[in-house]
J.: 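Supplied in structure tokens, the structure appears directly below.
Residue numbering restarts at 1 for every chain, and letters A, B, ... go by the order of the sequence lines. Treat the numbers as computed from the prediction; the structure is a model and nothing was measured.
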Protein chains: 2
Amino acid sequence: MGERSVTTRERIIKAAVKLFHGEGIRAVSVDAVAAKAGVTKRTLYYHFRSKDNLIAAYLETRDQPNLVVFRQWFDEAKGDVADRVEAIFQNLARSARHPKWKGCGFLRTSVELINMPGHPAIVAGRAHKKRVEDWLCGVFVEAGIEGPDARQLARQVILLIDGAFSVVLLHRDPGYMEAAGAAAASLVRARLATGREKDRPNGAPTATGDQDSEGDARDEDA
Amino acid sequence: MGERSVTTRERIIKAAVKLFHGEGIRAVSVDAVAAKAGVTKRTLYYHFRSKDNLIAAYLETRDQPNLVVFRQWFDEAKGDVADRVEAIFQNLARSARHPKWKGCGFLRTSVELINMPGHPAIVAGRAHKKRVEDWLCGVFVEAGIEGPDARQLARQVILLIDGAFSVVLLHRDPGYMEAAGAAAASLVRARLATGREKDRPNGAPTATGDQDSEGDARDEDA
DNA sequence: CAATGTATACCGGCCAGTGAATATACACAA
DNA sequence: TTGTGTATATTCACTGGCCGGTATACATTG
């Protein structure tokens, strides 16, 4: 594995991210990715066994950054857990206002590959969503919510996030993102309230919150 | 327009519904639809100007039935508005347990045609979702919730429904559908409670509820 | 030289859409 | 009743193009 090969491989992945995320997996040909990467198709096939392989690489690239952005948005927000969760939606709404915003690549890929349940890209999508859910679950547990309730709540917030991705993509109206945020905050507060009856009067310890925003989660695009 | 032509046209649409919904729009060729309909491709192009046209026809076919099923599930459920809304999710969960369940055709089509915002199929999808939202909004207004609050609540329930469609399709776990139902019920109850302070003690008049279930909303498939 | 990486050129197959001709059905005249 | 015209409905055969993937050869570098 020479140094130069890594560069070429990364250039191909970068092109794949832009095109696959921007136009969809089935709408983009391998030739198009190769062209955008400034590489012959044969070179692309030297670095990736198949198009499916390249698709998986594209999503694996997005996993970590997406999760980091979520954490960042949560950490830098002010207020209690409910406020911080709602802040995620507000940031998502800001991203969605960019005309090139294309929703969630994991969700969209799972739709495009609906009849290939074992496809590595689907597996990657499931893992990513689970990772976000687990992080949220941990956040809620730290806020004093019982394990099973925290899990259920995390799932409900995930449902609202992914619902917002889908609905905003359809209607192109970020207002839905804010409605989802309000719903999430309401659910978190309700859960916090039921727990508070046997716990101390204040639900969550206030976290830090200093990092700068920007990152936008709108996945590449020129 | 002879009688026979209507039959052929309907046969083509029926085949299109099965294939497009079952495998996705881009994954299914016009030849495949024609073959499934027992018709030459040229005949198909006699009845539909283009594939895009056929896609639109497929979704227009699904609009009314889907809405009717939702209403039915709501009407035949017992309990208050929150219970009835939750019943929608329970029925959806039952549908999602069928192995051939493929989520929401409108949502999936909007993903597959992401860069064609004016496409008739996208327009049909928006209209359908709005219709469901408007119906829910009316339901909430009848239950005594103020106009703007009812609208917001309807949007939040839609977000949970569409989120559940997406997430269950990804994870293949109908448990998310039930979590979404619980979230929806919780949101409805919270809204009912805030209104009840100035209204009468009981939020919703109990509706009828007599028709038989079954219908499954899992869109065709052999 | 041998391993790695890149390029040209090509393949079989599928895909959306079409041209030209034909079959069917009904309207109306002889 | 038969014949003819016209609109509808359907078929076969085809095209130009793109698509995923490959055979082969050439370059660069240790």
J.: Whole angstroms only, please: what is the CG-P distance between B:L19 and C:dA16?
T.: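 Going from CG in B:L19 over to P in C:dA16 covers 12 Å.
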J.: So for B:R42 and C:dG19, does any side-chain atom that can act as donor or acceptor lie under 3.5 Å from a complementary atom in the base?
T.: yes
J.: A:T43 side chain N/O closer than 4.0 Å to the phosphate oxygens (OP1, OP2) of C:dA7?
T.: yes
J.: Does a side-chain heavy-atom distance below 4.5 Å link B:F20 with B:E23?
T.: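 No. Closest side-chain heavy atoms not under 4.5 Å.
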J.: May I ask you to decide whether A:K36 forms a salt bridge with A:D31, counting only side-chain N to carboxylate O separations under 4.0 Å?
T.: no
J.: Could you check B:T40 against A:V30 and say which one's nearest nucleotide on DNA chain D is further toward the 5' end?
T.: B:T40
J.: To the nearest angstrom, how far is B:R9 atom CZ from D:dT8 atom P?
T.: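 After rounding, the reported distance stands at 14 Å.
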J.: Between P on D:dC12 and OH on B:Y46, what's the gap in Å once rounded to a whole number?
T.: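 Nearest whole value for this atom pair: 18 Å.
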J.: Nearest nucleotide by nearest heavy atom, which residue falls closer to the 5' end of DNA chain C, B:S50 or A:V39?
T.: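 Residue closer to the 5' terminus by nearest nucleotide: A:V39.
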J.: Sequence neighbours excluded, which residues qualify as salt bridge (Lys or Arg N to Asp or Glu O under 4.0 Å) partners of B:R155?
T.: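 Listed in chain order: A:D173, B:E133.
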J.: Starting at atom NZ of B:K41, determine the distance to atom P of D:dT15, rounded to an integer number of angstrom.
T.: 13 Å
J.: In whole angstrom, give the distance that lies between atom CG of A:L44 and atom P of D:dT22.
T.: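 Rounding to the nearest Å, CG of A:L44 and P of D:dT22 are 12 Å apart.
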J.: Nearest-Å distance, CE (B:M116) to C1' (C:dA16)?
T.: 13 Å
J.: Do B:K51 and C:dG17 have a side chain to base donor-acceptor pair shorter than 3.5 Å?
T.: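 Such a pair does not exist between side chain and base.
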J.: Rounding to a whole Å, what distance do you find between A:N53:CG and D:dT22:P?
T.: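 Value for this atom pair: 12 Å.
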J.: Counting just side-chain N and O atoms, does B:T8 come under 4.0 Å of either OP1 or OP2 of D:dT10?
T.: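 Checking B:T8 against D:dT10: at least one side-chain N or O falls below 4.0 Å of OP1 or OP2.
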J.: Counting C-beta onward and ignoring hydrogens, is there a side-chain heavy-atom pair between A:L54 and A:Y58 closer than 4.5 Å?
T.: no
J.: Of all the nucleotides listed (D:dT22, C:dG17, D:dT10), which has the minimum atom distance to the side chain of B:H47?
T.: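 Nearest to the side chain of B:H47 among the choices is D:dT10.
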J.: Rounded to whole Å, how long is the line connecting atom CG of A:L54 with atom P of D:dC19?
T.: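 It is 14 Å, rounded to the nearest whole Å.
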J.: A:H128: which residues meet the side chain to side chain donor-acceptor pair (under 3.5 Å) condition with it, sequence neighbours left out?
T.: A:D63
